[in-house]
Structures are given as C-alpha cells and as structure tokens.
Peer 1: 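What follows is a structure written as structure tokens; I'll ask about it next.
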Amino acid sequence: MPDPLIDALERTLAARESAGLGRHRRTVASAAGPRAVVDGRELLAFASNDYLGLAGDPALADAAARAARRWGVGATASHLVCGHFEAHEALERELADWVRPCDGARAVTFSSGYLANLAIVSALAGRGTDVFADRLNHACLNDGALLARARLVRYAHRDPGALAARLRASKAPRKLIATDAVFSMDGDVAPLPELLALAEAHDARLVVDDAHGFGVLGGGRGTLAAFALASPRIVLMGTLGKAAGVAGAFVAAHPAVVETIVQTARPYLFTTAAPPMLAETLRASLARVRADGWRRERLARLVARFRAGAASLPWRLGASDTPIQPLIVGAPTAATRLSQALERRGILVPAIRPPTVPEGTSRLRVSLSAAHVGDDVDRLLAALAGVAREGP
Ligand SMILES: Cc1ncc(COP(=O)(O)O)c(C=O)c1O
C-alpha cells in the first residue's frame, strides 16, 4: 500500500543526507568524560559542554546516589501540584544568592534550558511585544518568541548600533532584548554593558542566556559578574547540564518576574518537575562550582594552549577566549570530512552545520574541559596538523 507521507519523508531524509546535512546519534558506552567509548572504540572527545569536568566526578555520583535514597528518583508531578521538594527550594535559594542579577533576586529551576527560555519569553511577551534577538542566538530564545506570538526582530551579531536602530523604529509597548551571553557555536561574548544601556534607554528588559558562561566566567558566577553588571531589568537564564555537569536550568531575576513565570508560564506549569535527587545533586555541584577555582584556571590554560597551537592551522579560528573554540571550515561536507578524518585518528570533534550555524560557516566546534590535560590538547593539535598536511 503506497503511503505518500512516508514516501515524502524518505525523499527529504535522503536529500538531507546527500547534502551533507544528515545527523547521526552516537551511542556512548563509557561514563561522562573526555575518553568516550563509541562503537567499541575509545575516542578522545572535545565535544561536550562539561566545561568544569563535573559530569563524571565520582564525588557527585556519590551525592546523586545519596540524594536518590533520600528523595526517591522522581518528582511525581509538576511544581505547582506536588512536585516541588525542599531540595528544589534550597537549590533555588543558593542559585539566586550565587548569581545575583539584581538586589533581592529570586530563582526558579527548570528541567532544561530550552524550557526555561520558552518560559521567560512567553511569560514576559505576548502579541504586541517586540523581541529583539541577536542573529546568532540559540534557537530556543527565538522559539520563545514564537510561543508568545511576539514579533521577533533580529539584529546583526554583537552589534549594539544595529540593535539601537531597531529599538528606535519599534512602536511596541513592551520590548525584550534577548541575547546569548556566550554564543554557543562561536564562543564569543555579547556586549552586555552596551545592551543593558540600550535596555535602559528604551525601557526594555534584557534577557541574558548564560548557558555557556555560568560556572566558567566571572569566577563561576557567569558573564554578568565578569562585566560586574546587575539590574532589575535583567532576566538571567543559566543551564545546569553544561558547566554544572548535571541537568536542568534556572531563571534568576526580580521576584515579580520569577513569580510571573511560576504563575503563568506554560513551559513551567505543564511539565513534571525535575527529580529532587537532581536538585540535591546540583547543590553539591554548585558547591564545586563555587569552590573549585582550579577548574577554571586549568580550563583557561588549556584554552590558551589550544589557541597558540591552532593559529598555524589552515582553518579560521573564531575569536573566542572561552572553552568553545570554533574552526570555521565553510561547506557542510568539508566540515563532516574533517571531523571524520579526526575520528580515524581517535579524536571526536563534532561538525556543526546549518541550520545550527549560518550557511557557509560549517565548522568544527572544539570544546575544552577541565577534565582534559595538556597532552590531550597536544594530541588534538597534532591530529589537526596531520589532516591539514595529508588531507582528509
Ligand atoms: C545558548 C543555549 N541556550 C539554551 C540551551 C538549552 O539548554 P538545555 O540543553 O539545558 O535545554 C543551549 C544548549 O543546549 C544553549 O547552547
């Protein structure tokens, strides 16, 4: 029996594959860490967002086991029904105290950053709101504007002048400026002081997605702290599955903003709470984020070592001081071939292609972790130099 929908789906999938845009999941058979066993083979991985090396930390695994015995394994319901446990409450207090985007800030946690961004934008925006978004923002901030039925106005990457022109042209009664703090595929940092000044001048709110800065920049407090910025205009989102090594996310902001999210945001109301055992594990991880300055120091040394060595490679190295180090290759097929050539040499670096990055900027996204050692970076640089010499 012919099935036109299945036929159409299969044709589209085949076309994606031949354009070099097919995506393939790898099944990892080892514990979290830079040595990943994939298809029975150990690869040295520069692919995770585990910047501080906490995801595979044995002390945190013990904390998780204790937390599971204390709280059980599931939250059983959404936060507003009966899924909000003391562990969530304590984590929210500790996070608000650590990141402090404004005096008296409160925090609320989510089971993912994707949901947190949807919740922020859909709670604060609606029809008639203009959401101004950096062109290279992570997709979920844009999806929040779609969910809110707000108008999405994109501005050139890290360009306050372009944003100012769009703000001046806007007649919307409510305005949100939404930006990644550290851009996820480029590793560069948003001009947050200029964006906050524009938010003040145009009576807008500034939504800062610090998925890749929390735990890493500003002594671990994040990108706002790196710029010494705080304001009741700021709504901060941070994720807890990257540098914090576990899972989930938080929003920290003025208590009225947080309470509005709790009362009205559909991505908060209509989903089961993350297990309290994860919230308790995150409290242990946050203690490491706060105390283990050595992890950030090691990471900074690894970043400097990689950049020094990569300067002589034939691919353009993005301007980034963060653990996200992109090597821009160009065509999707070229990025995939390079990634495969590294894999044959025992190294895992993902190729990132459209629509995750703009056309013509397919790349290798090298990400570094405090769980790497200097020799790991040297192995990666030697493998890249070998591919440059011999071709993929
Ligand atoms: C900038 C940015 N924001 C939000 C997210 C979503 O966070 P999560 O993976 O916790 O859903 C990610 C990555 O996944 C991200 O890179």
Side-chain angles (χ1 to χ4, degrees), residues 23 25 32 47-52 54-55 91 95 99 101 107-122 131 133-147 152 154 157-158 176-190 192 195 206-217 222-224 226 234-253 261 265 267-268 271-275 278-279 281-282 285-286 289 318 320 322-326 350 352-353 355-358 363 365-369:
R23 289 161 185 246
R25 300 184 301 181
S48 81
N49 302 309
D50 180 26
Y51 304 123
L52 298 182
L54 290 170
L91 175 64
L95 283 166
V99 292
V108 57
T109 53
F110 286 83
S111 50
S112 80
Y114 190 94
L115 283 179
N117 274 344
L118 291 185
I120 294 171
V121 183
S122 61
V131 178
D134 186 291
R135 230 168 227 298
L136 296 191
N137 273 356
H138 192 262
C140 56
L141 280 170
N142 300 348
D143 292 1
L146 284 178
L147 183 63
L152 184 67
R154 300 174 87 197
H157 180 50
R158 295 176 72 238
L176 299 187
I177 302 168
T179 186
D180 288 14
V182 175
F183 289 87
S184 55
M185 297 299 139
D186 292 78
D188 51 355
V189 175
L192 294 179
L195 300 187
L206 178 61
V207 179
V208 175
D209 174 342
D210 206 16
H212 299 275
F214 174 76
V216 176
L217 301 182
T223 314
L224 291 173
I234 295 176
V235 181
L236 171 67
M237 195 286 284
T239 55
L240 300 168
K242 299 186 193 322
V246 186
F250 66 88
V251 177
I261 289 173
Y268 188 73
T271 188
T272 300
L278 290 188
T281 309
L282 277 161
S285 144
L286 183 60
V289 168
S320 158
T322 67
I324 302 167
Q325 293 291 321
I352 310 288
R353 298 155 293 162
T356 309
V357 293
R363 65 197 62 191
R365 179 185 187 267
V366 172
S367 60
L368 297 161
S369 164

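None of the values given here were measured: they were computed from a predicted structure. Counting convention: from 1, in listed order, for ligands and their atoms alike.
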Peer 1: Any nitrogen or oxygen of Lys242, side chain or backbone, less than 3.5 Å from one on ligand 1?
Peer 2: yes

Peer 1: Just need the protein heavy atom nearest to atom 16 (O) of ligand 1, so name the residue and atom and give the distance.
Peer 2: His212 NE2, 2.6 Å

Peer 1: Is Asp209 close to ligand 1, meaning an N/O of one under 3.5 Å from an N/O of the other?
Peer 2: yes

Peer 1: For atom 5 (C) of ligand 1, which protein heavy atom lies nearest, and how many Å away is it?
Peer 2: His138 CE1, 3.5 Å

Peer 1: Could you see which bit of Ser112 sits under 4.0 Å from ligand 1, with heavy atoms only: side chain, backbone, both or neither?
Peer 2: both

Peer 1: What heavy-atom pair brings Pro267 and Leu147 nearest, and what distance separates the two atoms?
Peer 2: CG-CD2, 3.9 Å

Peer 1: Using distance alone, determine whether Gly113 and ligand 1 share an N or O pair under 3.5 Å.
Peer 2: yes

Peer 1: Note the single closest protein heavy atom to atom 6 (C) of ligand 1, along with its residue, its atom name and the distance in Å.
Peer 2: Tyr114 N, 3.6 Å

Peer 1: When you check the side-chain N and O atoms of His138 and Asn117, is any donor under 3.5 Å from an acceptor?
Peer 2: no

Peer 1: Counting heavy atoms only, which part of Ala116 comes closer than 4.0 Å to ligand 1: side chain, backbone, both or neither?
Peer 2: neither

Peer 1: Between Thr239 and Gly241, is there a donor-acceptor pair closer than 3.5 Å when you use the side chain of the first and the backbone of the second?
Peer 2: no

Peer 1: Using a strict cut-off of 4.0 Å, indicate which atoms of ligand 1 neighbour a heavy atom of Cys140.
Peer 2: 4 (C)

Peer 1: By number and element, which atoms of ligand 1 are closer than 4.0 Å to a non-hydrogen atom of Thr239?
Peer 2: 7 (O), 10 (O)

Peer 1: For the backbone of Arg158 and the side chain of Asp134, can you confirm whether one donor and one acceptor N or O come within less than 3.5 Å of each other?
Peer 2: yes

Peer 1: From Asp143 CG over to Asn137 CG, what is the distance, rounded to the nearest 0.5 angstrom?
Peer 2: 11.0 Å

Peer 1: Would you mind running through ligand 1 and noting each atom that sits below 4.0 Å from a heavy atom of Ser184?
Peer 2: 16 (O)

Peer 1: Can you tell which of Arg363, Arg365, His157 makes a side-chain hydrogen bond (donor to acceptor under 3.5 Å, both in side chains) with Asp186?
Peer 2: Arg363

Peer 1: So, Ser122 side chain and Leu118 main chain: donor-acceptor pair closer than 3.5 Å or not?
Peer 2: yes

Peer 1: At a 4.0 Å threshold, what atoms of ligand 1 neighbour a non-hydrogen atom of Ala211?
Peer 2: 1 (C), 2 (C), 3 (N), 15 (C)

Peer 1: Without hydrogens or angle criteria, can the side chains of Asp50 and Ser369 be said to hold a donor-acceptor pair below 3.5 Å?
Peer 2: no

